[in-house]
Amino acid sequence: CIGIICLHASFIGFSTSKAMTNVLRRPQADDPEWWHAVNMAFTVWYALELFLRIFGLRRLFFTGTEKFWNAFDSLLLLVSVAEEAVKGTGMSA
């Protein structure tokens with residue numbers, strides 16, 4: 001899992017750097033479409049991991065010593081899913 005997190009962090013850094021270059025370019029360039037697919041793959045991976053933890057830990061997911069990290073992970077996943085949903089509607093900038 002740490003490998004996926006590092007890979008995702010690297011992708012975020014790369015895509016942010018390239019996105020800023022695209023914004024500053026005249027005429028302004030759009031982000032590549034494949035970035036959305038990569039972000040969606042990371043979101044699906046994190047969702048699968050979270051659901052496996054919920055299934056494996058059951059009640060301890062909500063009451064165990066890691067409950068606050070589990071809540072934080074759940075919040076991050078919720079925000080990521082909401083971001084993908086907004087992108088899917090075409091309402092994002």
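Below, each value reflects all heavy atoms present in this structure, side chains not excepted, and no hydrogens, waters or symmetry copies.
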Heavy-atom closest pair, residues S80 and T43: OG-OG1, 2.8 Å
Same hydrophobic cluster for I4 and L77, using side-chain heavy-atom links shorter than 4.5 Å among ILVMFWY? yes
Can you run down the side-chain hydrogen bond (donor to acceptor under 3.5 Å, both in side chains) pairs that involve residues 45-61, sequence neighbours left out, and say none if there aren't any? H8-Y46, R53-N70, R53-D73
About how many Å separate CG of L52 and CG of L57, when rounded to the nearest 0.5 Å? 10.5 Å
May I ask you to list the residues sharing a hydrophobic cluster with W69, side-chain cutoff 4.5 Å, ordered by chain and number? F72, L76
Nearest heavy-atom approach of F61 to L50 is CZ-CD1, 3.6 Å
In residues 32-40, what donor-acceptor pairs under 3.5 Å come from side-chain atoms, sequence neighbours left out?
residue: H36; atom: ND1; partner: E84; partner atom: OE1; Å: 3.1
residue: N39; atom: ND2; partner: W35; partner atom: O; Å: 3.4

Spell out, yes or no, whether V81 and I54 are grouped together once hydrophobic residues are joined by side-chain heavy atoms under 4.5 Å, including indirect joins. yes
If two hydrophobic side chains count as joined below 4.5 Å and joins carry through other members, does F14 share a cluster with I5? yes
Using the side chain to side chain contact (heavy atoms under 4.5 Å, CB included) rule, take F51 and L48 through it: C-alpha gap first, then chi angles, then the decisive distance, then the call. CA-CA 5 Å; F51 289 130; L48 179 62; 5.7 Å; no
